[in-house]
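Chain naming here is simple, since letters A, B, ... match the order of the sequence lines and numbering starts at 1 in each.
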There are 2 protein chains.
Amino acid sequence: MGSNAETRRSGCPISCSLDLLGDKWSLLIVRDMVMLRKHYFKEFLASAEGIATNILTDRLNRLEGGGIISKQPDPENRRQIVYTLTEKGVALIPVLVELMSWGKIYAGTTSVDRDKARRMQQDRRYKQRVIRELTEGCTSTPGRS
Amino acid sequence: MGSNAETRRSGCPISCSLDLLGDKWSLLIVRDMVMLRKHYFKEFLASAEGIATNILTDRLNRLEGGGIISKQPDPENRRQIVYTLTEKGVALIPVLVELMSWGKIYAGTTSVDRDKARRMQQDRRYKQRVIRELTEGCTSTPGRS
DNA sequence: TCCCACCGCTTGCTTTTTGCAAGTGATGGA
DNA sequence: TCCATCACTTGCAAAAAGCAAGCGGTGGGA
């Protein structure tokens, strides 16, 4: 299950983005890091969607190869590895926010806060605040889980 | 290659969005409709990335099943089918714009307009204008190719 | 009317990826 | 030393992607 040479299908920026992120798992890992402040293999593994270990390993390597995350040995516990977002990864936050916003309105089962989501969809300031806060949270040093 | 029952992996809006759109082709089809004003099977087929006919059929059905596009027989030429975006599909434009913006800066080969893209990334008004114009272009009646 | 090009789509097949379960070597604490 | 836990591998079956060829229906031209 190699994380091999990423061949670009075209020069289109959207296509290039999807070459890196166009699957069901990569952006969920980024979501875990951004929204849930996860940094460890076992934490990603414990997410509700239930990723398999081999897929997780592959995606983490791919994301690292694509410069979106970086992996370092945990200074506090050398048994585990800390995964953190790079600048390139933090820059994905607006994509995540738009996907979340769209999903809340159009792809959700829980129609509870659909109206709230729709309002937020139109309220650019609110969305910008969300993006700013998340970004700040990701560029500062991470707290332990 | 059935476009069968879409099982949701979790209730997370991002996960729900990716259940529908998390692959290498779906969003490219939406891009073709939004950015390049494509409406026909053969037009999608002709895109630079080179999608196969069976995959295209599957994705079009899946997108229709997900309420993102609708297909009708072309009133002007009953041999072909017109694919158009629904409101739900048009609402994906901000996602596309963010993916494009990110891709231009971080995933591109052509570093030509990377600075311009980075400026645009910060300039929320410009991005909003792009989104507005694209959205208006998609909600009005489509011109012929 | 007959023929033919073109439309979206299907089929058959191989290759690649995913998903699942079990196992592995390294590490650190008791 | 023993043992739990860490990230990660491996083996195998199922699903999806990719490729090439073919198919039925339509409309236009002769």
For [X] and [N], give me the distance from atom [atom1] to atom [atom2], rounded to whole Å.
X: B/R59; N: C/dT10; atom1: CZ; atom2: C1'; value: 16 Å
X: B/E76; N: D/dT26; atom1: CD; atom2: C1'; value: 16 Å
X: B/H39; N: C/dC7; atom1: NE2; atom2: P; value: 17 Å
X: B/L56; N: C/dG8; atom1: CG; atom2: P; value: 9 Å
X: A/D58; N: C/dC20; atom1: CG; atom2: P; value: 16 Å
X: A/F41; N: D/dA7; atom1: CZ; atom2: C1'; value: 5 Å
X: A/N61; N: D/dA7; atom1: CG; atom2: P; value: 13 Å
X: A/L60; N: D/dA7; atom1: CG; atom2: P; value: 10 Å

Under a 4.0 Å threshold between the charged nitrogen and the carboxylate oxygen, would B/D74 count as salt-bridged to B/R79? no
Could you list the residues that satisfy side chain to side chain contact (heavy atoms under 4.5 Å, CB included) with A/R129, not counting sequence neighbours?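 Applying side chain to side chain contact (heavy atoms under 4.5 Å, CB included) to A/R129 gives A/Y126, A/R132, A/E133.
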Hits for side chain to side chain contact (heavy atoms under 4.5 Å, CB included) against A/L36, two or more places apart or cross-chain, chain-then-number order -> A/D32, A/K38
Upstream residue (5' side of DNA chain C) when B/K42 and B/T57 are each assigned their closest nucleotide: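 First, find each residue's nearest nucleotide; the 5'-ward one identifies B/K42.
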In terms of the nearest nucleotide of DNA chain C, which residue is placed more toward the 5' end: B/K71 or A/D23? B/K71
Nucleotide nearest B/I55 (side chain, heavy atoms from C-beta), chosen from C/dC20, D/dC6, D/dG18: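 It is D/dG18.
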Looking only at side chains, do [X] and [Y] share a donor and an acceptor under 3.5 Å apart?
X: B/T57; Y: B/N54; answer: no
X: B/S70; Y: B/T86; answer: no
X: A/E64; Y: A/Y83; answer: no

Presence of B/W25 side-chain N/O under 4.0 Å of D/dA17 phosphate oxygens OP1/OP2: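 For B/W25, the contact criterion (side-chain N or O under 4.0 Å from OP1 or OP2 of D/dA17) is not met.
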Taking the side chain from B/K24 and the backbone from A/D23, do they hold a donor-acceptor pair closer than 3.5 Å? no
Please classify the nucleic acid contact of A/Y83 as base, sugar-phosphate, or nothing, using heavy-atom distances under 4.0 Å. sugar-phosphate
How does protein contact run along nucleotides 22-30 of chain C, one letter per nucleotide 5' to 3', with B for base contact, S for sugar-phosphate only, - for none, heavy atoms under 4.0 Å? B----BS--
